[in-house]
Amino acid sequence: MSALVLEADLTWTGEDFAPRLQIALGPDGRIEAVGRLGATSSTRLPRIALLPGFVNVHSHAFQRGLRGHGESFPAGAGSFWTWREAMYSLVSGLDPVTLRALSIQAFSEMRDAGITTVGEFHYVHHERDEDYALDRVLLDAAKAAGIRIVLLQTFYATGAVGRPLQGAQRRFATPSLDRFVEQLDRLAGRLDPATQSLGVVAHSIRAAAPEHIRAVFDEAWKRSAPFHIHVEEQRGEIEESVAAYGRRPMAVILDALDGRGDFTAVHCTHTAPADMDRFLAAGGRVCLCPLTEGNLGDGIPRLPQTDLARTRLCLGTDSNARLSVLEDMRWLEYGQRLRGEMRGALADGNGRVATTLLAAATEGGARALGLDTGRIAPGSWGDLVAIRLDSQSLAGIPVARLPEGLVFGAGNDVIAGTYVGGRWRASS
């Protein structure tokens, strides 16, 4: 018997908003049925539209402590610290208490922004020596915030291509593949299976040699876990790769994996069109983080004008300088317009962009993290975001144009709250 039957004024079907639909949730937090069920609603949600909860594929929760720093900020008379130097300064002072507080703060803000799942790309592993004392903190913080988490446990062995870790980077250290696998096993034993899972990832070509990327990818494959990697976020990474390997990072990674592309590449800001085509054809997914990429001035990726590219997108918040998935969706499209691409890369078969962006923020993210979420459908987790239809920013918008109104005209103020596994939390 269903534990909960929700009925909002409108419910997202994947293509549009439909009235009078009911969502039956089982006691395990999964959706049992959706439709005009004729059941007695245990929770009626007037003036609310329900969407699948947003899926944040790429986060570094500790970087919430850098908010306001931007790309650079004054460090004293006549001098400036770059954002990267500020990040390493923050890392040097992290302990379990500070990391937990920053992570709960970030995860709670995500819930307020409609995010019900986070892929936490975690590489600050050690408090001292190589103790891995900081890994479990992320799981505890996610539980405290009530958010679903995929802990993307990160292999990080070098400070740049062919160079050892330096200074605060030593807190990221992966001493060996064997130690990496041992820690994965330890973390697997600490997971809450209702809301927590693991990904197996390499940080980047700067932090992992091609043979290590291959070994980590193989470990992910063995565990049926998602594999992610930063790719070509900044031009300096490309210059290092060409100097060391004679090829750009995406080409080096695909060659190391024998052309297998079933992974998520984060950023791809400067990926060459031929490499992008090869990656997508091999099954790859692209995670874009528009607000962070804009905040750091990294650049705007050029998305191929193909249906394949449109269906392989997902979104992340990266540095968490600003947490609003609606803004990330909006700026993903705006960036393509600023490149002069207009709507070709993002419009669906009906010429609509908003549906593509909503899919990237939900279904696309779920696929990238290997989760049964991102859809309002039987078998999926009951992870939902509730939209205030009576909010000022949505006033006067007809139902047929509500997706466009949300993506291009709304902010976090329209988020009434979220369900994770059927458990409600109102936005603050």
Side-chain angles (χ1 to χ4, degrees), residues 12 14 23 25-32 34 50-61 103 106-107 110-111 113-122 138-139 141-143 145-154 184 187-188 190-201 217 219-229 262-266 283-289 311-318 325 328-329 357-385 418-423 425:
W12 182 245
I23 303 170
L25 299 172
D28 62 351
R30 288 186 182 268
I31 297 173
E32 292 184 338
V34 180
L50 288 177
L51 283 161
F54 299 141
V55 179
N56 178 6
V57 172
H58 188 77
S59 162
H60 306 301
S103 299
F107 296 155
M110 289 179 197
R111 289 288 300 265
I115 295 167
T116 54
T117 297
V118 59
E120 181 58 30
F121 198 109
H122 172 62
L138 276 300
L139 297 175
K143 192 174 187 66
I147 198 168
R148 189 177 306 282
I149 187 172
V150 180
L151 183 64
L152 299 169
Q153 183 71 356
T154 303
L184 285 171
L187 288 169
R190 294 183 60 92
L191 299 174
D192 177 351
T195 57
Q196 299 181 341
S197 57
L198 281 178
V200 182
V201 309
F217 179 87
E219 185 65 27
W221 186 266
K222 184 173 73 175
R223 294 170 181 260
S224 298
F227 177 85
H228 293 198
I229 186 169
D262 187 17
F263 64 91
T264 298
V266 182
R285 290 170 296 275
V286 178
C287 177
L288 301 177
C289 308
T311 59
R312 299 287 180 77
L313 296 176
C314 51
L315 291 168
T317 63
D318 199 345
V325 178
D328 271 309
M329 284 189 264
L357 297 172
L358 285 168
T362 54
E363 296 177 71
R367 285 193 293 269
L369 294 176
L371 294 176
D372 294 326
T373 188
R375 300 182 305 136
I376 302 178
S380 292
W381 289 108
D383 297 353
L384 308 165
V385 55
T418 49
Y419 290 92
V420 173
R423 296 189 176 187
R425 172 183 149 164

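Across all their heavy atoms, G382 and L25 have their closest contact at CA-CD2, 3.7 Å. When all heavy atoms of R375 and S380 are compared, the closest pair comes out as O-CB, 3.5 Å. Nearest heavy-atom pair, L198 versus A188, reported as atom, atom and distance to 0.1 Å: CD1-N, 3.8 Å. In terms of heavy-atom proximity, A220 sits nearest to P226 at CB-O, 4.2 Å. The two residues C287 and G316 make their nearest non-hydrogen contact at SG-N, 3.6 Å. The shortest non-hydrogen separation linking P378 to E32 is CB-O, 3.7 Å.
With hydrogens and angles disregarded, a donor-acceptor distance shorter than 3.5 Å links the side chain of R30 to the backbone of G379. Side chain of T154 to main chain of H122: a donor-acceptor pair is present (N/O by atom type, distance under 3.5 Å, no hydrogens or angles). Side-chain atoms of R148 come within 3.5 Å of backbone atoms of A194 as a donor-acceptor pair (strictly under, hydrogens ignored). Remark: the backbone N or O of G146 is paired with a side-chain donor or acceptor of R111 at under 3.5 angstrom.
Counting only heavy atoms from C-beta outward, the side chains of D262 and W221 approach each other to under 4.5 Å. Residues R425 and V420 are not in side-chain contact: their nearest non-hydrogen atoms beyond the backbone lie 4.5 Å or more apart. Counting heavy atoms from C-beta outward, T116 and V385 have side chains that stay 4.5 Å or more apart. At least one side-chain heavy atom of L369 sits under 4.5 Å from a side-chain heavy atom of L152. In this structure, V57 and H228 have side chains that are in contact, with non-hydrogen atoms separated by less than 4.5 Å. Between F107 and I149 there is a side-chain heavy-atom pair separated by less than 4.5 Å.
Between N56 atom CG and F121 atom CZ the span is 13.0 Å, to the nearest 0.5 Å. Considering OG1 of T264 and CD1 of I229, their distance stands at 11.5 Å, rounded to 0.5 Å. Interatomic distance, CZ of R367 versus OG1 of T362, reported as 8.5 Å (0.5 Å rounding). Distance check, rounded to the nearest 0.5 Å: CG of L139 to OG of S197 gives 10.0 Å. Separation of atoms CG (D328) and SG (C314) is listed at 11.5 Å; rounding is to 0.5 Å. Rounding to the nearest 0.5 Å gives a distance of 6.5 Å between CZ of F54 and CG of L358.
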- Test Q196 against K143 for side chain to side chain contact (heavy atoms under 4.5 Å, CB included), laying out the working first. CA-CA 9 Å; Q196 299 181 341; K143 192 174 187 66; 4.2 Å; yes
- Query: Could you walk me through whether L371 and D383 pass the side chain to side chain contact (heavy atoms under 4.5 Å, CB included) check?
  - Reply: CA-CA 11 Å; L371 294 176; D383 297 353; over 6 Å; no
- Report the C-alpha distance between I376 and I31 in whole Å, list the side-chain angles of each, state the deciding distance to 0.1 Å, and finish with yes or no for side chain to side chain contact (heavy atoms under 4.5 Å, CB included). CA-CA 7 Å; I376 302 178; I31 297 173; 4.2 Å; yes
- Given side chain to side chain contact (heavy atoms under 4.5 Å, CB included), test S103 with E120 step by step and report yes or no. CA-CA 10 Å; S103 299; E120 181 58 30; 5.9 Å; no
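If you run side chain to side chain contact (heavy atoms under 4.5 Å, CB included) between V200 and each of Q153, E219, K222, only E219 comes through.
Using bins of under 30°, 30° to 60° and over 60° for the plane-to-plane angle, the ring pair H58/H60 lands in the perpendicular bin.
Under a cut-off of 6.0 angstrom, the local environment of CZ in R223 is crowded, with over 12 non-hydrogen atoms contributed by other residues, nucleotides or ligands.
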